[in-house]
Amino acid sequence: MALMGPTNQQKNKILEELNETNPNKLEENKAIIQQWLKSQPHLPKNYDERILSTFIRGCKHDLERVKRKLDYYFSYRAIMPDLFSDRDPTGEEFKLMKEYFIAFPLPELTASGCRVTFHKILSDDAGTFDIRVIVKYLLMLGEIRILEEPAFAGDLVLFDVGGAKASVISKLINPVVKRGVSCSQNAMPQRVKEIIVFNAPSYMDTGVNIVKMFVKQKIKERFNVYCDTESVYKHIPRESLPSDYGGKEKSIEALQSEWYKKLESYRSYFEEQELIITDETKRMNKPESTSNEYEALFGTRGSFHRLAID
């Protein structure tokens, strides 16, 4: 499944929003970042250069932000092996995941030039549901998008939680959720416009509040939670959605099948990436933000023992 780019009319508006009105700016800034990466002894040199365009555009050509995100991108791989190793898309844990969770980006951009990523909880059966595998899978999905995304206006994140029971709340009280959110916010070049949770039972307010504990304030303000499906159409045109919701896209089943095939085509890529990480013994200056982030994720401030949930 290819990720389709914007129309010419959309592209002009998107590039203006991304601070990329000069046709040479992207290549010029890629060259600057390439030189910076070469100058950092702790960062890998055998990275896939396709990632640079998406990082630069995701940071709207703010090169200092690009540097920070790239540093996190490679650092997190080194300090979170449970999320960034053994990522075989044909492995047993992902086969089991298909029974309780699906997620994929829709191939077409919306009229506003945004990419919709669809998520659905099918079941939260205690015997199979594994939040770590879900987080791992979503990070894999994000990495493929980094390689393949054209210019686009931002992310619309769509969650159908109609299949979730109250027991899913306890599964969200897990350090891996916090670490996954941290990866998403600090190490991925995403620009989240809205997060839309729909078909939500009343108890999902608690689940959403748990996730909100770990996101930045501006992202908290972009959550929308609805108990129905119709309200989704206030944010995303119906025609942009899978046919299951009355849209013009293929069915959820067909789209997910196509995405799994794409994921499997990246099997060797994910294996190679396990070695493309930071070498912290060669880091010249450890920034304070990195120390604080590590402590928050793995140290005393990252404790889950005393969560207060409204």
Side-chain angles (χ1 to χ4, degrees), residues 1-38 40 43 47-76 103-118 138-158 181-196 215-224 235-237 240 249 262 289:
M1 174 175 38
L3 296 174
M4 306 302 290
T7 64
N8 288 334
Q9 185 176 3
Q10 286 176 321
K11 187 173 183 179
N12 292 334
K13 185 176 180 180
I14 289 169
L15 292 181
E16 183 176 354
E17 184 179 343
L18 297 178
N19 297 320
E20 196 180 314
T21 52
N22 180 338
N24 300 319
K25 189 172 185 178
L26 181 62
E27 291 304 315
E28 291 171 356
N29 282 341
K30 281 170 63 177
I32 292 172
I33 294 299
Q34 285 170 332
Q35 285 301 119
W36 175 79
L37 286 165
K38 288 179 182 178
Q40 303 300 306
L43 293 178
Y47 62 91
D48 191 317
E49 293 187 359
R50 290 178 294 171
I51 70 174
L52 298 182
S53 294
T54 305
F55 270 95
I56 290 169
R57 284 172 165 166
C59 296
K60 299 174 72 171
H61 288 263
D62 180 340
L63 298 189
E64 291 308 307
R65 282 188 65 209
V66 175
K67 292 174 185 178
R68 287 196 298 273
K69 280 189 177 284
L70 283 170
D71 200 337
Y72 275 125
Y73 180 72
F74 295 118
S75 297
Y76 281 3
F104 52 84
L106 298 184
E108 298 279 353
L109 297 176
T110 65
S112 60
C114 289
R115 178 75 65 200
V116 177
T117 304
F118 177 82
L138 292 177
L139 292 171
M140 292 166 70
L141 184 155
E143 285 197 44
I144 293 175
R145 289 187 58 204
I146 288 173
L147 294 169
E148 295 193 3
E149 279 287 10
F152 67 106
D155 286 289
L156 298 176
V157 184
L158 195 59
V181 171
S182 182
C183 288
S184 179
Q185 291 187 136
N186 296 330
M188 294 290 183
Q190 60 179 8
R191 297 175 59 239
V192 175
K193 299 286 190 177
E194 291 187 283
I195 300 172
I196 303 149
V215 302
K216 298 173 182 177
Q217 183 58 39
K218 66 179 182 179
I219 301 300
K220 291 180 183 179
E221 297 168 358
R222 295 173 188 175
F223 272 84
N224 302 273
H235 304 271
I236 302 173
S240 296
E249 290 285 2
K262 177 185 285 290
S289 60

Taking the side chain from [X] and the backbone from [Y], do they hold a donor-acceptor pair closer than 3.5 Å?
X	Y	answer
E20	K60	no
Q10	T110	yes
Q190	S184	yes

With a 4.5 Å heavy-atom cut-off, do [X] and [Y] have their side chains touching?
X	Y	answer
H235	L156	no
L158	L106	no
R145	L3	yes
I51	L70	yes
K25	N19	yes

Legend entry - E149 bridged to R57 by N-O distance under 4.0 Å: no

Inset, instruction - Considering only NZ, NE, NH1 and NH2 on the basic side and carboxylate oxygens on the acidic side, decide whether K218 and E221 come within less than 4.0 Å. - result: no

Inset, instruction - Could you tell me the separation between the CD1 atom of I195 and the CD1 atom of I219, rounded to the nearest 0.5 Å? - result: 6.0 Å

Legend entry - Straight-line distance of Y76 OH to L139 CG, nearest 0.5 Å: 11.0 Å

Going by salt bridge (charged side-chain N to carboxylate O under 4.0 Å, His left out), name the residues that satisfy it together with [X], two or more places apart in sequence or in a different chain.
X	value
R50	D48
E143	R77, R87
K30	E27

Inset, instruction - For N8, look at atom CG and say whether over 12 heavy atoms of other residues, nucleotides or ligands are found less than 6.0 Å away. - result: no

Inset, instruction - Check whether more than 12 heavy atoms from other residues, nucleotides or ligands sit under 6.0 Å from atom NZ of K11, and answer yes or no. - result: no

Inset, instruction - Verify whether one side chain among S182 and Y72 offers a donor that lies under 3.5 Å from an acceptor in the other. - result: no

Which heavy atom of [X] sits nearest to which heavy atom of [Y], and what is that distance?
X	Y	answer
P107	A2	CB-O, 3.5 Å
P189	I146	CD-CD1, 3.6 Å
K216	Q185	N-OE1, 2.8 Å

Sequence neighbours left out, what passes ring pair (Phe, Tyr, Trp, His ring centres under 6.0 Å) with [X]? Give chain and number order.
X	result
F55	Y73
F104	F118
H61	none

Inset, instruction - Return the set of residues passing side-chain hydrogen bond (donor to acceptor under 3.5 Å, both in side chains) with S240 (not counting sequence neighbours), or none when no residue passes. - result: none

Legend entry - All side-chain hydrogen bond (donor to acceptor under 3.5 Å, both in side chains) counterparts of E17, not counting sequence neighbours: R191, K193

Those residues that, when tested against [X], pass side-chain contact (heavy atoms from CB on, under 4.5 Å) (two or more places apart):
X	result
C59	R65, V66, K69
E16	T21
L109	P6, R115, F152
Q9	T7

Legend entry - Evaluation steps, side-chain contact (heavy atoms from CB on, under 4.5 Å), between D71 and Q40: CA-CA 10 Å; D71 200 337; Q40 303 300 306; 5.9 Å; no

